[in-house]
Amino acid sequence: MRKDLPIKRSLAGTMLFLLVPAICNAAPLIQPKYSESMALPFVIGLVALGVLFGLLWYNIFLALSTREKMFFYFSLIMVLLTILQTFSTYDRFFFFLTYNRVTIITHLLFMTFLLFFEELFSIRDHDKRLSSFNRVNIVVIGGYVVLFLLLKILFPTAERLHTTLNFIRELFVFYTNALFLYTIIRAMVWMKREAILLLVAFIPPAFTTSVNALNIFPFMQGHEQFTTFLMQYNQPIGLSLQAILFSLAVGNRYNRIKMERQEASRTQELLFQRTRFFLNMSHETRTPLTVILGLVRQLKQENAALTIKQAESMLSAIERNSLILLRQVNHMLRLERRRDIKVETALPLVPLTSLLINAFLPIAQEKNIALEFDASLIPPKLGLMVRQEDYESMVMNLLSNAIKYSGGGGCVVVSLQQVDSHELLLAVSDTGIGIAPEDQERIFEQFEVVEDASSSMQTGLGLPLVKHILEEYGGAIELESRLGEGSVFILRFPSLLLHQTETTVSESELEHLYLSEFRHLEMECPETPSDSPTILVVEDNDDLRWYIQSILQKKYRVLSASSADRALQLLEKEDVALIISDVMMPQMDGHAFLKEVRMRFVDTPIPLIFLTARDSMEEKIDSLAEGAIRYLTKPFRSEVLLAIIESILSHDQALIGSRIQQFREGLNVLLDAMEHPSHGQKRPYMDELVAACNLSEREKQVLHLISEGKSDKEIGLQLSLSVKTVANHNRNIYAKCKVSGRYELLAKLYGDI
């Protein structure tokens, strides 16, 4: 049931309670209070009634559309105020407003105001003592109304009692007005604007009702004209002003609530993005750190035993992963600062761009990708007032991505063009995988990561860096892309940055940072004994996969896979003793891979070790609950990995040996019982087993027959049971005796285990 349903019911119930008596009254149903229809009090009353009625329906609409409690309470307040104003204009409007009905309406109004203030000012969150105090007052006011009506009904002729009740009722008017003012003033501490609006709106009606309540005192008898004047004009004007200012306060509060919720939502989304970003950054930094630290330890331990080629491969891997880390750190630092751009010399566009493209040519040729450069649409001596480091970062980021995401046989084109507005356009187009429309805006956000099924996890810093640098120079970046067809990134440089230049191009400052990730190593695979256990390494990072292989291949036969799909193919062909898998992988991550392995190899489960950069307790618990044997965090020590592998494989071998031994012993007992039935009379541990396992009489009978070597069919014939019933008894006996089957039961019965 929705939380706002009781509020709706109370609102509808109040209106029905006040309007239903119209059915029981005779005509005329509507009687104006004034004989002249154009009398000033009547006109003012009608105008006020129209204002209240309009605000009432507007707030009911807001209550139903926003489902905010404060709008429901305020709608109920508007209903009660409208009824009061109606009977200040009409003597009768479908029914007469008796003194008792006025008491019900006003006290309902008092209680609803307290509930309204609770929601509007969020009193429970800011002042719990005031909230509790107001709730006690609601109970007191409601209790008094019930007592008031009950005594009036039970003692209709007790005038002194009625006078006392009426006196207390008027005192409640003073008390509640003071309580409202106190609540509003207290709320100014944490919600000043809305509290001031309510205070201004509350004073005129509070003053009017208080003056009216003063009529219970004798000293007011000489001020009847003043009281009548206030009640005649101040009530409609005061109630209208109150309703308008209350509506403004509620609207202002709701706007603030919306803004706070939106801000909280944005904060939560930003926190989520940052958390995801740093998780991915952790993965991207821990992986090269694992390679660097591991290879450094290997070099220190095995320096004398390494060949020159092996040492060179290790040092190259260390250098490459150090450069990858350096590039990531540079990206992060460059994104976090904005600099005053002061460039004194224009860069020669054509020679510098050609130099950067030539650096990627060997990589493109290796991947069978055509890499082209078109500068025919700009003057050959055109220069750009941009720092060389910034220009290289932009171009090489785009080139690196284009080559990375283009398959063999693809094409990457870099073109320079000057348009009619004299802007410079630098376009990098590729025939790669393309980018989905919903991701085309997100990829330029610093903390967004687009997980691409065909590549490894990316930190998402390259394109935000390009946008960041370009905007510093007053430029803009555009993207045109279609899934499966490729992408075109266009950099727009303003004409103010373009100048003719005669300078020569200098050597690239960042080439080594962007080319390092494309260089791969080939590992020498030493011969391993043919009977060595086979270990499958599933890791999408080439260097880390190479490093893990270098650790394991001296003792085990190692298979490697760069993706979970490739690993599943190998598992179908190879007899694998253990799997080492990364968690964050493209297409199918480690968790999905583990689930698939467990599903495919139910009869012969393969132990799996997760080797990952994610270092959170929740991740570890989830992984172990899914069936991973160990969870090892990068960077790791090679000795720890080898010890874990040895422990798992030794445990599996011991477990298999134990099962085989138990099977052999059980089989020997069974064969002995079949060859020598007289052994069945001995049953040296029968009584102890029956007592320890708490077997029923029928289960004892079945156990005796099992010990004599009877089959299930023979037991069923002897005990007049079905084979299915005998099988059920067998399962119960196995469970109670804590054995897996008949062989173990017989061995336990004869004291062999």
Side-chain angles (χ1 to χ4, degrees), residues 5-26 29 31 33 52 56 72-118 133-180 183 205-206 208-217 220 227 231 235 239:
L5 196 54
I7 304 171
K8 292 182 179 178
R9 287 178 174 173
S10 63
L11 184 62
T14 304
M15 297 180 71
L16 287 173
F17 175 79
L18 297 170
L19 295 177
V20 163
I23 303 171
C24 306
N25 289 282
L29 296 177
Q31 296 177 5
K33 184 171 289 189
L52 293 173
L56 166 63
F72 282 104
Y73 290 135
F74 188 57
S75 298
L76 182 55
I77 290 171
M78 291 303 304
V79 169
L80 299 172
L81 291 179
T82 303
I83 292 172
L84 289 176
Q85 179 55 36
T86 299
F87 285 97
S88 73
T89 308
Y90 294 93
D91 278 333
R92 173 174 175 161
F93 198 87
F94 295 105
F95 59 89
F96 290 103
L97 191 63
T98 63
Y99 188 80
N100 290 348
R101 288 175 181 169
V102 171
T103 301
I104 294 172
I105 292 173
T106 54
H107 285 73
L108 274 176
L109 195 59
F110 297 154
M111 291 188 291
T112 310
F113 262 121
L114 290 175
L115 291 170
F116 169 67
F117 290 156
E118 179 78 21
F133 179 63
N134 284 345
R135 289 183 178 276
V136 170
N137 281 294
I138 291 171
V139 175
V140 171
I141 295 170
Y144 174 73
V145 173
V146 174
L147 179 64
F148 176 88
L149 294 174
L150 189 61
L151 292 176
K152 287 265 188 174
I153 294 170
L154 294 176
F155 306 100
T157 59
E159 293 185 5
R160 182 173 294 182
L161 176 62
H162 289 194
T163 302
T164 304
L165 290 173
N166 294 341
F167 182 80
I168 296 173
R169 172 208 184 276
E170 300 300 337
L171 287 179
F172 261 108
V173 175
F174 293 108
Y175 175 73
T176 52
N177 283 331
L179 181 61
F180 294 163
T183 301
T208 304
T209 53
S210 298
V211 169
N212 184 48
L214 286 173
N215 286 326
I216 63 175
F217 298 105
M220 286 297 295
T227 305
M231 293 307 298
Q235 179 170 321
L239 288 181

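Heavy-atom basis, side chains included; hydrogens, waters and symmetry copies ignored. We count residues from 1, following the sequence as given.
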Which donor-acceptor pairs under 3.5 Å do side chains of residues 133-144 form with protein atoms, sequence neighbours excluded?
| from | atom 1 | to | atom 2 | distance (Å) |
| --- | --- | --- | --- | --- |
| N137 | OD1 | Y175 | OH | 2.5 |
| N137 | ND2 | F133 | O | 2.8 |
| Y144 | OH | L165 | O | 2.5 |
| Y144 | OH | R169 | N | 3.3 |

Please table the atom pairs, donor to acceptor, closer than 3.5 Å between any side-chain atom in residues 157-164 and protein atoms at least two apart or in another chain.
| from | atom 1 | to | atom 2 | distance (Å) |
| --- | --- | --- | --- | --- |
| H162 | NE2 | F155 | O | 2.6 |
| T163 | OG1 | E159 | O | 2.8 |
| T164 | OG1 | R160 | O | 3.0 |

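Note that the CZ atom of R101 and the CD1 atom of I83 stand 11.0 Å from one another [nearest 0.5 Å]. Interatomic distance, CD1 of I104 versus CG of L80, reported as 11.0 Å (0.5 Å rounding). Distance check, rounded to the nearest 0.5 Å: CD1 of I77 to OG1 of T112 gives 6.0 Å. Of the inter-residue distances, the one linking L76 atom CG with L108 atom CG reads 7.0 Å to the nearest 0.5 angstrom.
Taking the ring-ring contact (aromatic ring centres under 6.0 Å, His included) definition, one finds that F74 meets it with F116, sequence neighbours left out. Every residue meeting the ring-ring contact (aromatic ring centres under 6.0 Å, His included) condition with F117, not counting sequence neighbours, appears here in chain and number order: F113, F121, F180.
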Are T176 and T106 close enough, and set up right, to give a side-chain contact (heavy atoms from CB on, under 4.5 Å), and what steps lead you there?
CA-CA 10 Å; T176 52; T106 54; over 6 Å; no
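Residues T103 and N166 have side chains not in contact (no heavy-atom distance under 4.5 Å, counting atoms from C-beta outward).
The salt bridge (Lys or Arg N to Asp or Glu O under 4.0 Å) analysis of residues 106-118, with sequence neighbours excluded, yields the pairs E118-R124.
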